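Read through the structure below, which is laid out as structure tokens, and then see the notes.
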Amino acid sequence: MPVYEYRCEECEHLTEALRRMADADEPIACETCGSDQTRRVQSLFASTGGGGDSAGDGGGGCCRGSGGCSCH
């Protein structure tokens, strides 16, 4: 089941909830004030490093391997 984020329209607290996709747009109670005036918001996903070798340079980012990095 995916994790969704909901913002309370009364206190603006952000609540995360593990829910079925079919229930994703249904409001949930705010963890802070208890209001049911919540809306699902677009979640941001961030990933850092960790070993993908998408550039074909031996892994670890653009500055490793061939030395052909132009970002620094």
Side-chain angles (χ1 to χ4, degrees):
M1 273 192 281
V3 175
Y4 294 99
E5 294 178 336
Y6 300 84
R7 181 167 310 279
C8 178
E9 294 182 4
E10 294 193 23
C11 73
E12 298 189 15
H13 177 77
L14 192 63
T15 299
E16 292 182 349
L18 184 66
R19 302 180 86 182
R20 296 181 325 145
M21 291 176 72
D23 299 331
D25 290 326
E26 298 296 320
I28 64 170
C30 175
E31 295 174 327
T32 301
C33 71
S35 170
D36 63 351
Q37 299 298 311
T38 56
R39 291 189 154 209
R40 185 166 62 106
V41 296
Q42 183 71 33
S43 299
L44 299 177
F45 176 79
S47 175
T48 59
D53 186 14
S54 62
D57 61 8
C62 65
C63 295
R64 297 193 184 175
S66 67
C69 175
S70 63
C71 68
H72 298 285

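Note: hydrogens, waters and symmetry copies are ignored here, and every other heavy atom, side chains too, is used. Source: prediction; values computed, not measured.
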_Looking at every non-hydrogen atom in both residues, tell me the closest pair between C30 and T15 and how far apart they are._
CA-OG1, 4.2 Å
*Write down the atom of G34, the atom of A29, and the distance for their closest heavy-atom approach.*
O-CB, 4.1 Å
*asked:* Are L18 and L14 linked, directly or through intermediate hydrophobic residues, by side-chain heavy-atom contacts shorter than 4.5 Å (ILVMFWY only)?
replied: no
*Give the cluster check for M1 versus V3: same hydrophobic cluster or not, with ILVMFWY residues linked at side-chain heavy-atom distances below 4.5 Å.*
yes
*Is the side chain of R7 donor-acceptor paired with the backbone N or O of R39 at a distance under 3.5 Å, no angle test?*
no
*What are the two closest heavy atoms between D23 and Y6, and how far apart are they?*
O-OH, 4.2 Å
*Looking only at heavy atoms, what is the nearest atom pair of D36 and P27, with distance?*
O-CB, 3.5 Å
_side-chain hydrogen bond (donor to acceptor under 3.5 Å, both in side chains) involving E26 - partner list, sequence neighbours excluded_ = none
*Contact summary for Y4 and A24, nearest pair of heavy atoms*: CZ-CB, 3.5 Å
_Non-neighbouring partners of E10 that pass side-chain hydrogen bond (donor to acceptor under 3.5 Å, both in side chains), sequence neighbours left out_ = S35
_Closest heavy-atom pair and its distance - Q42, E5_ = O-OE1, 4.2 Å
*Measure the spacing between CD of E16 and CD1 of I28 and express it to the nearest 0.5 Å.*
10.0 Å
